[in-house]
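For reference, the structure discussed in these notes is given below.
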Amino acid sequence: MEVSSKSLQFLRTSTNIWFIVVFAGQLIFALYILGVYGVNGIAGDFERWNANTPRGYVRGDLLGNIFFGTHVALAAVITIGGPLQLSKQLRMKFPKYHRISGRIYVYSAFLISFAGFYLSWIKGSIGGITGSIFISINGLLIFIFAYYAIQQAVNRQFTEHRKWAIRLFLAMSGVWFFRVSLMLWLTIHQAPVGFNPETFQGPTLNLLYVLCYIFPIVFAELYFRARESSKASFKSLTAVFILLLTVGIAIGTFSATMGMWLPNL
Ligand code: HEM
């Protein structure tokens, strides 16, 4: 095998490992969402919606509760549907499924962000105004990427469509990256370093907002360039970088599962 095809294979393998870890982690997150919000909601035990967020359910705030309920219901749909949408095997074997679920995914992207804007600016976010600003930037990116992903599919520009779909998936995974990164940070430091756990504000959180809500798109560009580059060293270095990120994500996912998601089920 030539050096360049070996490095391309290395890049593909590291991306596949990254994807498997992210897919598994998002499935656990989806189970948590279904357990805490789905099961308790169906049982009418809405107070338990506040297990991880102070203002999920507010007695008497019908509109706010509807927005929150819609937001978490869509969160379960997109967290399971997103990785499936990127799976090449599913796309090849079931193109009709890919088109239908793609539409559901994109409409859900618009709706979940719209509900998220209401929660951030009307109901109030746990991270205060800074948290609201950053998550709203994430919401705007979701709007833009969802629009272009669907537009390029309609125009049958499938190479470009795939790139926009990857950007959309990364932006939609921002809240998951944030939870996982925060738990990784807490695992490393064994204490809330660089932020106040009462007010949920501080420089560490600001850095994580940027890294999780905005930076994944920069990483996507790096990946696209590495894949298209003729330089084997660029491909290999990017593959190593993706593997390192995957180790961090795996540790953060394990901590989030044990410390945040499983105990609330
Ligand atoms: C697109 C992917 C998204 C997913 C999967 C998602 C998921 C969730 C989940 C599960 C919760 C409940 C809290 C928890 O149990 O952890 C939540 C709360 C919340 N979400 Fe989202 N969300 C997404 C996008 C957004 C966006 C784009 C915004 C803002 C524009 C937003 C704003 C909020 C707010 C304000 C809350 C209330 C909790 C808080 O104060 O932070 N979300 N979200």
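Both counts, for ligands and for their atoms, begin at 1 and track the order of listing.
Each of the atoms 14 (C), 15 (O), 16 (O) of ligand 1 lies under 4.0 Å from some heavy atom of Tyr32. Applying the 4.0 Å criterion to heavy atoms of Ser120 picks out, from ligand 1, the atoms 29 (C), 32 (C), 35 (C). Atoms of ligand 1 found under 4.0 Å from any heavy atom of Thr53, numbered from 1 in the order shown, are 38 (C). In summary, the atoms of ligand 1 found under 4.0 Å from a heavy atom of Ile142, numbered by their order in the structure, are 1 (C). The Gly139 neighbourhood of ligand 1 comprises atoms 27 (C), with distances under 4.0 Å to a heavy atom of that residue.
Contact check for Phe67 versus Ile122: no side-chain heavy atoms found under the 4.5 Å cut-off. At a threshold of 4.5 Å between non-hydrogen side-chain atoms, the residues Lys6 and Lys235 do not count as touching.
Below 3.5 Å of separation, one finds no N or O of Ser136 facing any N or O of ligand 1. Between Arg179 and ligand 1, a contact under 3.5 Å exists for at least one N or O pair. Where the criterion is an N or O separation shorter than 3.5 Å, residue side chain and backbone included, Ile126 meets it with respect to ligand 1.
For atom 21 (Fe) of ligand 1, protein N/O/S neighbours under 2.8 Å (waters excluded) are His71 NE2.
Here Trp176 has no heavy atoms under 4.0 Å from ligand 1, in either its backbone or its side chain. At a heavy-atom distance under 4.0 Å, only side-chain atoms of Ile78, from C-beta outward, approach ligand 1.
Within 6.0 Å of CZ on Phe117 lie more than 12 heavy atoms contributed by other residues, nucleotides or ligands.
Tested against Phe68, the residues Tyr118, Tyr57, Trp49 include a single ring pair (Phe, Tyr, Trp, His ring centres under 6.0 Å) partner, Trp49.
For atom 12 (C) of ligand 1, the closest non-hydrogen atom on the protein side is Tyr37 OH, 3.3 Å. Ranking the protein heavy atoms by distance from atom 2 (C) of ligand 1 puts Met172 O, 3.3 Å first.
The aromatic rings of Phe169 and Phe19 lie tilted to each other, with the angle between the two planes from 30° to 60°. Using cut-offs of 30° and 60° on the angle between ring planes, the pair Trp261 and Phe29 is tilted.
For the pair Lys163 and Phe224, the distance from NZ or CZ to the six-membered ring centre is under 6.0 Å and the angle to the ring normal is within 45 degrees.
No hydrogens or angles considered: nothing links the side chains of Trp176 and Thr253 as a donor-acceptor pair under 3.5 Å. With 3.5 Å as the limit, one finds a donor-acceptor pair spanning the side chains of Ser101 and Gln85. Side-chain contact check for Thr187 and Ser255: at least one donor-acceptor pair (N or O, by modelled atom type) lies under 3.5 Å. The closest side-chain donor-acceptor pair between Tyr209 and Asn138, if any, does not fall under 3.5 angstrom.
The option with the heavy atom closest to atom 10 (C) of ligand 1, from among Leu168, Ile33, Leu140, Ile133, is Ile33.
If you look at Phe219 and Phe241, their ring centroids are closer than 6.0 Å.
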